[in-house]
There are 2 protein chains.
Amino acid sequence: MEASTAELSERLQRAGIKPTAQRLAIYRYVAEEGEHPTAEQVKAWMDRNFPKVSLATVYNTLNLLVQAGELRAFRFPHTDKVVYDRNTAHHYHFLDEETGTLIDVPAEQVHIRTDLEPELKVDGIHVVLRGRRRH
Amino acid sequence: MEASTAELSERLQRAGIKPTAQRLAIYRYVAEEGEHPTAEQVKAWMDRNFPKVSLATVYNTLNLLVQAGELRAFRFPHTDKVVYDRNTAHHYHFLDEETGTLIDVPAEQVHIRTDLEPELKVDGIHVVLRGRRRH
DNA sequence: TTTAATGCAAAGCGTTTGCACTGCT
DNA sequence: AGCAGTGCAAACGCTTTGCATTAAA
């Protein structure tokens, strides 16, 4: 499911983002290749595949994509770095504490029932499952 | 349930922490008065109640207390600042998005059932409920 | 030609660290 | 005297910002 440059470009335009070459490269990576990358990892990929892009542009573009809803940004307990997630669907995460790897968990695989005081109205739930993946 | 200085002092000693005046003051605040305070808030309280304590000592002491298991440190999605929690029992949090207030939620009030691929072995779960408290 | 995007370096924010000094024991 | 604890300022890691330069419509 490799999207063409034209497709990616169109998706950016639809999101209200002018599809410059730098943005397309970043978008291609985070939307197709990167697995929960940090800004640092995006920058490293760009250095290899689209040299001369500044870290500021990486951050600016990632923030744009997040604001446009094309990407989600998460902060996890185990690191200070923001992690970008192409999965914009409702889902949770499993953190493999051995490797630091994040694994998407579909919302249907986690069932939560709360029994709170009635004045607490829940609008959303954040779940991080911590553990190990057997190998 | 105001603990005496002697009691607090003893608790610190039992935790392997030498009870200096600064540490006692910080411990008194976070263990009895502060509601999920940040280091900044601890420092502000100290400035009012125990002047001349450095920010470094605040951080060092909070870290000591966390290592000793007397306190827990959390990072939440809505802020970069670490939040200290005197509740060392297994519990979750409700974040009032209107006020930024954190409310402890006893573990018994949240029931979670997961249905993951068998190779994912869960050791712990992080839950943050986001919403509003009706008033 | 007007406007937006980029690159660079500096600043910002929360937290940590190095090191000299203080004060118990 | 010895040594843990403290205070100060500098350093740190990640992210954002200001501003001059470049590219695009």
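Below, chains carry the letters A, B, ... as their sequence lines are ordered, and counting in each starts from 1. Fair warning: this is a prediction, and the values are worked out from it, not measured in the lab. In what follows, every heavy atom counts, from backbone to side chain, and hydrogens, waters and symmetry copies are set aside.
Between His111(B) and Ile112(A), every side-chain heavy-atom pair lies at or beyond the 4.5 Å cut-off. Counting only heavy atoms from C-beta outward, the side chains of Val53(A) and Val58(A) approach each other to under 4.5 Å. Put simply, the side chain of Glu40(B) does not reach to within 4.5 Å of the side chain of Lys43(B), judged on heavy atoms. Looking at heavy atoms from C-beta onward, Thr38(A) lies out of side-chain contact with Val82(A) at the 4.5 angstrom threshold.
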With sugar-phosphate taken as primed atoms, P, OP1 and OP2 and all else as base, the protein-contact string of nucleotides 9-25 of chain D at under 4.0 Å (heavy atoms; B, S, -) is -----SBBB--------
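Atom NZ in Lys43(B) sits about 16 Å away from atom C1' in dT16(C), given to the nearest Å. What separates NZ of Lys52(B) from C1' of dT22(C) is a distance of 15 Å, to the nearest Å. Here dA5(C) presents its C1' atom at 10 Å from CG of Leu64(A), a figure rounded to the nearest Å. Taking atom CG on Leu62(B) and atom C1' on dG14(C), their separation rounds to 13 Å, with Å as the unit. Rounded to whole Å, the distance from CG on Leu12(A) to C1' on dA4(C) is 15 Å. As rounded to whole Å, 13 Å separates atom P of dG14(C) from atom NE2 of His78(B).
Here Thr20(B) does not reach the OP1 or OP2 of dA4(D): none of its side-chain N or O atoms lies under 4.0 Å away. Listed pair Ser54(B) / dT6(D) fails the phosphate criterion, with no side-chain N or O lying under 4.0 Å from OP1 or OP2.
A search for side-chain hydrogen bond (donor to acceptor under 3.5 Å, both in side chains) contacts involving Glu70(B) returns Tyr27(B), not counting sequence neighbours. Partners of Arg23(A) by side-chain hydrogen bond (donor to acceptor under 3.5 Å, both in side chains), not counting sequence neighbours: none found. Applying the side-chain hydrogen bond (donor to acceptor under 3.5 Å, both in side chains) criterion to Glu97(B), with sequence neighbours excluded, gives Arg130(B). Applying the ring pair (Phe, Tyr, Trp, His ring centres under 6.0 Å) test to His93(B) and every residue at least two apart in sequence or in another chain returns His36(B), Phe74(B), Phe76(B), His91(B).
Within residues 21-30 of chain B, no residue approaches DNA chain C, by heavy-atom distance under 4.0 Å.
Between the side chain of Arg72(B) and the backbone N or O of Ala89(B), at least one donor-acceptor pair lies under 3.5 Å.
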